[in-house]
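Comments concern the structure below.
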Protein chains: 2
Amino acid sequence: MKRLRNENAGLDAADLKILRLLEKDARTSTAELARAVGLSAPSVAERIRKLQENGVIEAYTVRIDPAALGLKLSAWLRIRPVPGQLAVVAGIIRDLPEIAQCDRVTGEDCFIALAHVGSVAELERVIDKIIPYAMTNTAIIQSSPVEPRSPLGGLRER
Amino acid sequence: MKRLRNENAGLDAADLKILRLLEKDARTSTAELARAVGLSAPSVAERIRKLQENGVIEAYTVRIDPAALGLKLSAWLRIRPVPGQLAVVAGIIRDLPEIAQCDRVTGEDCFIALAHVGSVAELERVIDKIIPYAMTNTAIIQSSPVEPRSPLGGLRER
DNA sequence: GCTGAAATAATAAGCCG
DNA sequence: CGGCTTATTATTTCAGC
């Protein structure tokens with residue numbers, strides 16, 4: 001396997017392959033990973049331990065389909081707080097359990113947030129919590145041309 | 001444990017607890033999950049099997065920190081294709097490995113996409129692929145007031 | 001990083017309410 | 001049908017090299 005260590009943030013080709021396989025199925029056994037990269041199982045386990053230690057692997061998690069839970073309506077909210085209310089709005093967003101993720105961004109919109117709800121009425125309830133302190137723009141998700149996929153794609157081969 | 005089955009999409013309180021624990025750490029052993037919900041390990045395994053079967057659990061995956069890979073720049077792109085080019089733009093987005101997710105949405109922006117890149121130059125390269133066929137608006141992520149969290153939050157207690 | 005042994009965990013079979 | 005216990009198989013972890 002080609003030597004690439006100390007490029008791509010200190011990860012070699014085996015590390016990248018392990019990451020890609022774990023992204024596809026986090027329950028892949030170390031034995032199977034070992035076979036895929038041509039190392040022994042304990043070596044793979046040690047590499048995974050280090051990937052966690054240096055923060056590359058943040059967590060092992062399950063992807064849950066909101067629609068299967070009855071949350072059939074998802075929406076992106078762009079949120080522009082009125083002057084002086086940014087921290088208040090951030091607090092409100094954090095306290096809304098329907099918000100599954102929220103980033104602070106540059107540009108005229110300060111926040112972009114994802115909400116999963118069961119109905120338009122619930123979406124209205126979410127927006128009404130925010131709207132006293134911010135201008136909002138809501139875009140309902142119709143489909144997902146790119147389902148959440150690996151950030152590894154951003155790595156340029158060097 | 002209170003009986004809630006056939007509410008919340010057929011999930012009872014034990015199922016929800018299992019899901020919440022797996023979201024926090026997908027490697028939690030069935031024995032530990034069993035202890036948490038007051039069932040035996042095989043019963044928990046059977047519930048998990050059914051949660052996968054009916055699509056609630058879509059996948060087991062690892063969360064990877066793009067910054068730890070050297071992808072220190074992330075941005076939300078709002079993309080409005082010029083008339084007639086929507087399918088072309090969707091194809092281009094799918095083929096850009098730097099795009100980690102993309103939703104089609106209602107409103108004047110047709111797509112909202114997340115990019116992870118190593119530099120402003122790489123971001124420019126991504127935008128330049130799209131811009132012949134669409135108007136774009138780029139918002140750099142500064143921080144994340146709400147790190148990706150459970151869609152279970154959207155469930156109303158009934 | 002490897003091998004081989006010990007400890008853990010997942011899975012399967014058979015049984016009960 | 002959903003759950004429990006026991007037995008078997010697979011996987012992870014730990015020593016020593």
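Letters go in sequence order (proteins before strands), and every chain restarts at 1. These numbers were taken from a predicted model, which means no experiment stands behind them.
Here the side chain of A:E122 pairs a donor or acceptor atom with the backbone of A:G118 at under 3.5 angstrom.
Computed from C1' positions of five pairs at each end, the angle between the two local axes of the helix from C:dG1-D:dC17 to C:dG17-D:dC1 equals 30°, rounded to 10 degrees.
Applying the salt bridge (charged side-chain N to carboxylate O under 4.0 Å, His left out) test to pairs two or more places apart or on separate chains, those with a residue in residues 53-63 of chain B are A:E58-B:R63, A:R63-B:E58, B:R49-B:E53.
To the nearest angstrom, P of C:dA10 lies 10 Å from CD of B:E32. Here C:dT11 presents its P atom at 12 Å from CG of B:L33, a figure rounded to the nearest Å. The distance between atom CZ of A:R27 and atom P of D:dT12, rounded to the nearest whole Å, is 12 Å. Between the CG atom of A:L22 and the P atom of D:dT12 there is a distance of 10 Å, given to the nearest Å. At whole-Å resolution of the value, CD in A:E46 and C1' in D:dA15 are 14 Å apart. Atom CD1 in A:I18 sits about 13 Å away from atom C1' in C:dG1, given to the nearest Å.
When each of B:D15, B:L11, B:V37 is checked for a side chain to side chain contact (heavy atoms under 4.5 Å, CB included) with B:R47, only B:D15 meets the rule.
Within residues 51-59 of chain A, no residue is approached by DNA chain D to less than 4.0 Å at the level of any non-hydrogen atom.
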Identify all pairs in which a protein N or O lies below 3.5 Å from an N or O of nucleotides 4-11 of chain D, and state each distance.
from: D:dC4; atom 1: OP1; to: B:S40; atom 2: N; distance (Å): 3.4
from: D:dC4; atom 1: OP2; to: B:S40; atom 2: N; distance (Å): 2.8
from: D:dC4; atom 1: OP2; to: B:S40; atom 2: OG; distance (Å): 2.5
from: D:dC4; atom 1: OP2; to: B:S43; atom 2: OG; distance (Å): 2.4

What pairs of donor and acceptor atoms, side-chain ones from residues 105-113 of chain A against any protein atom, are under 3.5 angstrom apart with sequence neighbours left out?
from: A:T106; atom 1: OG1; to: B:I140; atom 2: N; distance (Å): 2.9
from: A:D109; atom 1: OD2; to: A:R78; atom 2: NE; distance (Å): 2.8
from: A:D109; atom 1: OD2; to: A:R78; atom 2: NH2; distance (Å): 3.4
from: A:D109; atom 1: OD2; to: B:R78; atom 2: NH1; distance (Å): 3.4

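Applying the salt bridge (Lys or Arg N to Asp or Glu O under 4.0 Å) test to A:K72 and every residue at least two apart in sequence or in another chain returns nothing.
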